[in-house]
Amino acid sequence: MASSNVAVIGLQWGDEGKGKIVDALARNCRYVTRFCGGANAGHTVLVGSDKYVLHLIPCGILTEGIVNIVGNGVVFDPAGAVQEIDGLRSRGVMVNGNNLKISTNAHMVMPWHKREDVLSEAKLSAGKKIGTTARGIGPCYADKARRSTAIRVGDLLDPEALGLKIRSVAAHKNELLAAMYGGEPMEPEIVVAEYTGYANKLSEMITNTGAILRKAISAGQRVLFEGGQGSMLDVDHGTYPFVTSSAVTACGIPSGAGIPPSAVGQIVGLIKAYTTRVGAGPFPTEQDNQTGQYLRDKGNEYGATTGRPRRCGWFDAAAVRYAADICGVNELALSLLDVLTGLDEIRICTGYRVGEDQIDEFDPALMNKAQCIYQTVKGWDEDITDCAEFDELPDQARQYVNTLESLLGRPIGFISVGPERSQTIVHNTRIEGLK
Ligand code: IMP
């Protein structure tokens, strides 16, 4: 029998509006699991007039009865998590060891990771800077791969051993950061005290999450895998080196959550009706002009994590096709369609010209030299934010959706026309139990 689990994966450069669709789909699931990235993510969910921005805690935390899992593939920043948990509790959201579980095997972001992230970016010359979120993501994953200097969430459960580990790694990192960047030393005892405090607050939530998920899946309980970032930022398949440091496509789910590949289930690819990117790197459809500014203003395109203005541009169907193929996307969810209202015409990139050659497959290695080939469709002026059915959309908006479906070769299951839970058109979804 096919798995009923569902994954929501961003197919662009992140910020596709995953929070809202995860929140909607989660209500039919028992578990919501993060499997990649860390506090670099920023998932915004609107519940009535209450706005929540989640960075590390899965969006299912806002729905009663869901067990939220921070999987082993995540780099876990306890400082950020404790702040987020306290913030949620202060707004009446229940968070405890029953509805939030953190993998013992997730690697822990330490103060030296954040410091190295900032210092190493500052040292890079213009054109080489990645424009990271400064959350210590890259240095933490680097330590995971290095092994000898890594500290994992499970280490919080043994305070004595944790203290020894922190003292030894801190001494090493102090030497390294001073030698490489002239960085000020960190006081190991302060770090020990800080992390002991986190251990006290989080230990009830730390557990073998892979085992919990495998058991749940065997029992037929439905799991939603919540992607972080976007596929074009994947460390292997994205626009390297201008990427994040983890496996963020659907291929990262089994290892980042500790479940078999066959259990991933339906894969929903999330796309924004245009494209944005934060940080440096190739962005073929970028509109560094009035159109870009229009999209930025109308879509409030400022980073949920860092507040940085996002770069904006037209929808890139060739890039999304590439990401959807890698992820094995079954259906799409289209967000922020309402932001396009008011444009005379809308352009969609269908392929590229590189020198004399025309290519229709996105290739990260060629994107610095690629010129976009565009298809232009007519825009619409009508307000679509109250449309509850596909048929209520203006002709041109429907035409835009149909054009995307045909260029991407997959059905669009959901269309979001506003930030609120209710502003979602259920369209061509095949996800069982949702139609
Ligand atoms: P890092 O993940 O902080 O190392 O940043 C690497 C690149 O990924 C930078 O260009 C960031 O702006 C980008 N990035 C990381 N996380 C997100 C996200 O959740 N949304 C959008 N961009 C992100």
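Note that the structure is a prediction, hence the values are computed from the model and not measured. When a ligand or atom number is given, it counts from 1 through the structure's own listing order.
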Side chain to side chain contact (heavy atoms under 4.5 Å, CB included), paired with Lys20, selected from Leu46, Thr44, Thr424
Thr424

Please list the nearest protein heavy atom to atom 20 (N) of ligand 1 with its residue and the distance rounded to 0.1 Å.
Asp15 OD1, 3.3 Å

With a 4.0 Å cut-off on heavy atoms, is Ala41 touching ligand 1?
yes

Of all the heavy atoms in Gln229, does at least one lie under 4.0 Å from an atom in ligand 1?
yes

Can you tell me if Trp13 contacts ligand 1 (heavy atom of the residue under 4.0 Å from the ligand)?
yes

Less than 4.0 Å is my threshold; does some heavy atom of Arg308 fall inside it relative to ligand 1?
yes

of all protein heavy atoms, closest to atom 3 (O) of ligand 1 is Thr133 OG1, 2.6 Å

Under a 4.0 Å threshold between the charged nitrogen and the carboxylate oxygen, would Asp155 count as salt-bridged to Arg152?
no

Does some non-hydrogen atom of Val243 fall short of 4.0 Å from ligand 1?
yes

Could you find the nearest protein heavy atom to atom 11 (C) of ligand 1 and give me its residue, atom name and distance?
Gly131 O, 3.6 Å

Using distance alone, decide if ligand 1 has a nitrogen or oxygen within less than 3.5 Å of any nitrogen or oxygen in Arg135.
no

In the protein, which heavy atom is nearest to atom 14 (N) of ligand 1, and how far is it?
Leu233 CD1, 3.7 Å

For the residue pair Asp23 and Arg421, what are the closest heavy atoms and their distance?
OD2-NE, 2.6 Å

Looking only at protein heavy atoms, which one is nearest to atom 10 (O) of ligand 1, and what is the separation?
Val278 O, 3.1 Å

Please state which protein non-hydrogen atom is closest to atom 2 (O) of ligand 1 and give its distance, to 0.1 Å?
Thr244 OG1, 2.6 Å

Should the pair Phe362 and Tyr352 be assigned to parallel (<30°), tilted (30 to 60°) or perpendicular (>60°) ring geometry?
perpendicular

Tell me every residue that passes salt bridge (Lys or Arg N to Asp or Glu O under 4.0 Å) with Lys114, counting only those two or more places apart in sequence or in another chain.
Asp77

Of the protein's non-hydrogen atoms, which lies at the shortest distance from atom 5 (O) of ligand 1, and what is that distance?
Thr132 CA, 3.4 Å

Salt bridge (charged side-chain N to carboxylate O under 4.0 Å, His left out) evaluation trace for Asp143 with Lys173
CA-CA 11 Å; Asp143 271 344; Lys173 293 289 179 182; 2.9 Å; yes

